Amino acid sequence: MAKAHRDYHPAKHTAAPRARATHRRVEIPKDAEQLELKLSGREVKLTNLKKLFWPELKITKRDLLQYYADVSSVLLPHLQDRAMVMKRYPNGAAGEFFFMKRAPSPRPAWIELCSIEHGSGNIIDFPIIQDLAALLWVINLGCIDLNQWYARCDDVDRPDYLHFDLDPVPGAKFEQVLETALAVREALDSLGMPSYPKTTGSKGIHIYVPILRGPTQKQIWTIAKEIAHVLASANPQLITAIYKVANRPKGRVLVDYNQNAWGRTLASIYSVRPTPKACVSTPVKWKEIEKGIKIDDFRIDNVRKRIEKLGDLWNPLLDKRKRFDLQPYLK
DNA sequence: GGTACAA
DNA sequence: TTGTACCAACGCATT
DNA sequence: AATGCG
Ligand SMILES: [Mn+2]
Ligand SMILES: [Mn+2]
């Protein structure tokens, strides 16, 4: 394999034979402490099912697994073919966490891998979450939210989207995040870029733009940076794009373009977050942002009902067509 | 959450 | 048998 | 070259 450098990161996708049936509702029993589930012929062992992941809310690890099983049909397409960074909370939402990139062993033979060479020469075998069995396997490891790469495994330096990560600087209220989101949409509209918002489930909003695959992550970063700085200068009382924390004016909303970088990730759509109320990163309509929403309107206990009603509002992010062509904007 | 290894 | 360590790492900006 | 940042 050729050596990795800034704009070239070889990767190899190790795929097992596919068994990707869409499932009827999978029901995880409430009375078992551990069990093995057989899903399309794949056995996955689920453990510590009665452990309280949110003690105050009486939400168990079993309940978290059940949530992910229930949303899997809308979630899995967004994870397809992407390396997954695991953020593991074996002792629940308030417990300590650690990041893990290598798919741990032993593991089921059907866990697919994305082997990515890093600039340092390190080669890391990330897991890819391709089906319900793999999803439950990774949640059982203690993952609460899911953090997948922006680029698919067959070309890990050419992402499928550009995004803006809106973070309130201390002192800023969520209303300002909403206002900033609308300003970002307006700027993207004027460039002809389609844009889709979701709550992060934590404190901010993510806005994604589906793009035609082609530009490198670095080129996408450059464009996002330009847009963020234009927005900040046009709305200096509301928005900042300053990278250094100490120089960042208080009470503004950071339009963080810096996450558009190789090997970085954000919490995925439909991820439960390790917050006190078990909030979920939830796609919303621009109309809802205009009307006003709150982060904790969307939680592990009510998002399933919303999905039943609205389907996957981010389905356009998966569309092969109707993706924005950044080519004319590349330097 | 699960393994490896030391005590 | 129990206890503890381990489990990631990029690249750009600033200094 | 080392540190800060997310
Ligand atoms: Mn954020
Ligand atoms: Mn951020």
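Only a predicted model underlies this, so the values are computations on that prediction, with no experimental measurement involved. Labels below follow one simple rule: chain letters A, B, ... track the order of the sequence lines, proteins then strands, and each chain is numbered from 1.
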Practice prompt. Give one of base, sugar-phosphate or nothing for Asn48(A), where a contact means two heavy atoms less than 4.0 Å apart.
Written response: sugar-phosphate
Worksheet item: Given the rule in the side chain to side chain donor-acceptor pair (under 3.5 Å) test, do Arg107(A) and Ser105(A) qualify, once you have shown the distances and angles that lead to the verdict?
Response: CA-CA 5 Å; Arg107(A) 61 174 174 271; Ser105(A) 296; 3.1 Å; yes
Worksheet item: Would you say a side-chain N or O of Arg102(A) is under 4.0 Å from OP1 or OP2 of dA9(C)?
Response: yes
Worksheet item: When the aromatic ring centroids of Tyr161(A) and Tyr208(A) are compared, is their separation below 6.0 Å?
Response: yes
Item to complete: Taking atom types as modelled, find out whether Lys87(A) and Tyr89(A) have a side-chain donor-acceptor pair closer than 3.5 angstrom.
Response: yes
Worksheet item: Counting any heavy atom closer than 4.0 Å, what does Lys87(A) reach on the DNA or RNA strands: base, sugar-phosphate only, or nothing?
Response: nothing
Worksheet item: When you check the phosphate oxygens OP1 and OP2 of dT3(D), does a side-chain N or O of Lys244(A) lie under 4.0 Å from one of them?
Response: no
Worksheet item: How would you label the contact of Arg107(A) with the nucleic acid (heavy atoms, under 4.0 Å): base, sugar-phosphate, or nothing?
Response: nothing
Item to complete: Figure out the CE/C1' separation between Met86(A) and dC6(C), and round it to whole Å.
Response: 14 Å
Discussion item. For a quick test of reading the model: is some side-chain N or O of Thr47(A) closer than 4.0 Å to OP1 or OP2 of dG2(B)?
Written reply: yes
Item to complete: May I ask you to evaluate whether Asn122(A) reaches the phosphate of dA9(C), defined as a side-chain N or O under 4.0 Å from OP1 or OP2?
Response: yes
Discussion item. Without decimals, in angstroms, what is the distance between Asp165(A) CG and dC5(D) C1'?
Written reply: 13 Å
Fill in: Spacing between Asp256(A) atom CG and dC10(C) atom P, to the nearest angstrom
19 Å
Item to complete: Side chain of Met100(A) only, please: which of dA9(C), dA8(C), dC12(C) is the nearest?
Response: dA8(C)
Worksheet item: Which whole-number value in Å describes the distance from Phe97(A) CZ to dC7(C) C1'?
Response: 13 Å
Practice prompt. Rounded to the nearest angstrom, tell me the gap between atom CZ in Phe126(A) and atom P in dA8(C).
Written response: 9 Å
Worksheet item: Contact class for Phe53(A) vs. all strands (heavy atom < 4.0 Å): base, sugar-phosphate, or nothing?
Response: sugar-phosphate
Practice prompt. Would you mind reading off the distance between Gln219(A) atom CD and dG11(C) atom P, rounded to a whole angstrom?
Written response: 15 Å
Worksheet, complete the sentence: In whole angstroms, the gap separating C1' of dC12(C) from CD of Gln217(A) amounts to 13 Å
Discussion item. By the 4.0 Å heavy-atom rule, please label Lys45(A) as base, sugar-phosphate, or nothing.
Written reply: nothing
Response to the item:
Which of dC12(C), dG2(B), dC7(C) is nearest the side chain of Asn140(A)? It is dG2(B)
Fill in: Spacing of the P atoms in dA4(B) and dA8(C) (rounded, Å)
15 Å
Worksheet entry | Pro106(A) side-chain proximity, nearest of dC5(D), dT3(B), dC7(C) | dT3(B)
Worksheet, complete the sentence: Residues passing the side-chain contact (heavy atoms from CB on, under 4.5 Å) test with Asp256(A), sequence neighbours excluded, are Asp165(A), Asp167(A), Leu254(A), Asn258(A), Gln259(A)
Worksheet item: At under 4.0 Å, does any side-chain N or O of Asn147(A) touch on OP1 or OP2 of dA8(C)?
Response: no
Practice prompt. In whole angstrom, give the distance that lies between atom CH2 of Trp137(A) and atom P of dG2(B).
Written response: 11 Å
Fill in: Integer angstrom distance from the C1' of dC5(D) to that of dC7(C)
23 Å
Item to complete: Taking side-chain contact (heavy atoms from CB on, under 4.5 Å) as the test, write out the residues that go with Asp319(A), two or more places apart.
Response: Arg321(A), Lys322(A)
Fill in: Selected nucleotide, minimal atom distance to Trp262(A) side chain, candidates dC7(C), dC10(C), dC12(C)
dC10(C)
Fill in: More than 12 heavy atoms from other groups under 6.0 Å of CD on Glu226(A)
yes
Practice prompt. Please tell me which of the listed nucleotides, dA13(C), dC5(D), dC10(C), lies nearest to the side chain of Trp221(A)?
Written response: dA13(C)
